[in-house]
Chemist: 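Here you go, one structure.
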Amino acid sequence: IVRPEVLFVQPPLAGVGPALRAWCERNGVRLVEQRIDSLAELAALGESIEAIFGSAVAEKLAPMRAELSPAAPVSEQAPRVLVVVSADPFLAVGTGNYLDELLARCGVRNAVRANGWVELSAEAIVALAPDRAIGLAETEAGALDIAGFLEVLPWQGTRPEIRAESMPELLSPSFAALARRDALERLVAAAREPKP
C-alpha cells in the first residue's frame, strides 16, 4: 500500500476538487498545487520540491536552473516559426506557455501571436506566412501526418521550410521537456537547411 506524505498536482483552472482536498486532509498528505504552463511556474515547482526534499534534490535540479531563467529578447529579424502539435484539427503553439518560451531560447519568434494553444484553419496557417513550420508529435506517424498536411497547404509564394519529429517529452510542461530543448533547437536548425 502506498502511503504518500506529499502529493504534487497541477490543478485545473477550477482548482483542486474538494474530494481530493478532503482525502489529503483525512490522510495527513501535504497537497502542493502548482500550475506548470510556463517556465516560471516550472521553476516554482522546482523550488517547492527542493523545499520539501532538501539538498539531495537541489543537486539534481541545479542543471535546470539556467533553462528556467528568463530568455533574452528575440530580435525582430529572427525567423518566425509555426509549431503545430496536431493536424486534425490544426493545433498550434501560441504565446504564454513553456514551448513559446523554449522557442525564444532557440532564437526564433513564434509565428502565432494568440495566447495558449490555438486551433487554426488551413487558411489561417497560410495567412501567417511563417518562415518555418515545425511539427511536434507523440509518434513518428503523427509527425508524418503533420508534415504531410503542412506540405499540401496552398502556400502563397515560397512555401516555408517544414520539419516534423516525434518528441513526446516536449508536449507536456515538465523538467523532461527542458531536457529536450537541444532537440527542439536542432529541429529548428534543421529547418534552416535544404531538404535532401
Chemist: Go through the steps for L20 and C24 under the test side-chain contact (heavy atoms from CB on, under 4.5 Å), then give the verdict.
Modeler: CA-CA 6 Å; L20 178 59; C24 288; 4.2 Å; yes
Chemist: For W117 and V85, indicate whether the former's side chain and the latter's backbone hold a donor-acceptor pair under 3.5 Å.
Modeler: no
Chemist: Do L99 and V74 land in one hydrophobic cluster if side-chain heavy atoms of ILVMFWY residues count as linked below 4.5 Å?
Modeler: no
Chemist: Between E185 and R181, is there a salt bridge with N-O shorter than 4.0 Å?
Modeler: yes
Chemist: Strictly distance-based, threshold 3.5 Å: is any side-chain N or O of E151 a donor or acceptor partner for the main-chain N or O of G148?
Modeler: no
Chemist: May I ask you to decide if I36's main-chain N or O and Q10's side chain share a donor-acceptor pair within less than 3.5 Å?
Modeler: yes
Chemist: Any link between I162 and V126 through a network of hydrophobic side chains (Ile, Leu, Val, Met, Phe, Trp, Tyr) touching at under 4.5 Å?
Modeler: yes
Chemist: Begin from the C-alpha positions of C106 and L184 and carry the test side-chain contact (heavy atoms from CB on, under 4.5 Å) through to its verdict.
Modeler: CA-CA 8 Å; C106 293; L184 178 62; 4.2 Å; yes
Chemist: According to a hydrophobic-cluster definition based on side-chain heavy atoms being under 4.5 Å apart (Ile, Leu, Val, Met, Phe, Trp, Tyr only), do L171 and V81 belong together?
Modeler: yes
Chemist: Strictly distance-based, threshold 3.5 Å: is any side-chain N or O of R132 a donor or acceptor partner for the main-chain N or O of P160?
Modeler: no
Chemist: Any donor-acceptor pair under 3.5 Å linking the side chain of N97 with the backbone of G94?
Modeler: yes
Chemist: Is the side chain of T95 donor-acceptor paired with the backbone N or O of A114 at a distance under 3.5 Å, no angle test?
Modeler: yes
Chemist: With a 4.5 Å cut-off on side-chain heavy-atom distances among I, L, V, M, F, W and Y, is there a chain of contacts connecting M167 to F175?
Modeler: yes
Chemist: Output yes when a side-chain donor or acceptor of N110 lies under 3.5 Å from a complementary backbone atom of V112, and no otherwise.
Modeler: yes
Chemist: Same cluster or not: L31 versus L45, using hydrophobic residues (I, L, V, M, F, W, Y) connected whenever any side-chain heavy atoms lie under 4.5 Å apart?
Modeler: no
Chemist: Would you call E33 and R21 a salt bridge, taking side-chain N to carboxylate O under 4.0 Å as the test?
Modeler: yes
Chemist: Check whether E101 reaches the backbone of L39 with its side chain - one donor and one acceptor, N or O, closer than 3.5 Å.
Modeler: yes
Chemist: Who passes side chain to side chain contact (heavy atoms under 4.5 Å, CB included) against V32, sequence neighbours left out?
Modeler: V6, F8, R30, S48, I52
Chemist: Quick one: does Y98's side chain have a donor or acceptor within less than 3.5 Å of a partner on L170's backbone?
Modeler: yes
Chemist: Anything under 30° is parallel, anything over 60° is perpendicular, the rest tilted; go ahead and classify F149 against F90.
Modeler: perpendicular
Chemist: Side-chain polar contacts of residues 133-145 - donor-acceptor pairs under 3.5 angstrom, sequence neighbours left out - could you list them?
Modeler:
residue	atom	partner	partner atom	Å
T139	OG1	G142	N	3.0

Chemist: On a heavy-atom basis, which atom in A176 and which in E169 lie closest, and how many Å separate them?
Modeler: O-CB, 4.1 Å
Chemist: Under the salt bridge (Lys or Arg N to Asp or Glu O under 4.0 Å) test, which residues partner R35, sequence neighbours left out?
Modeler: D37
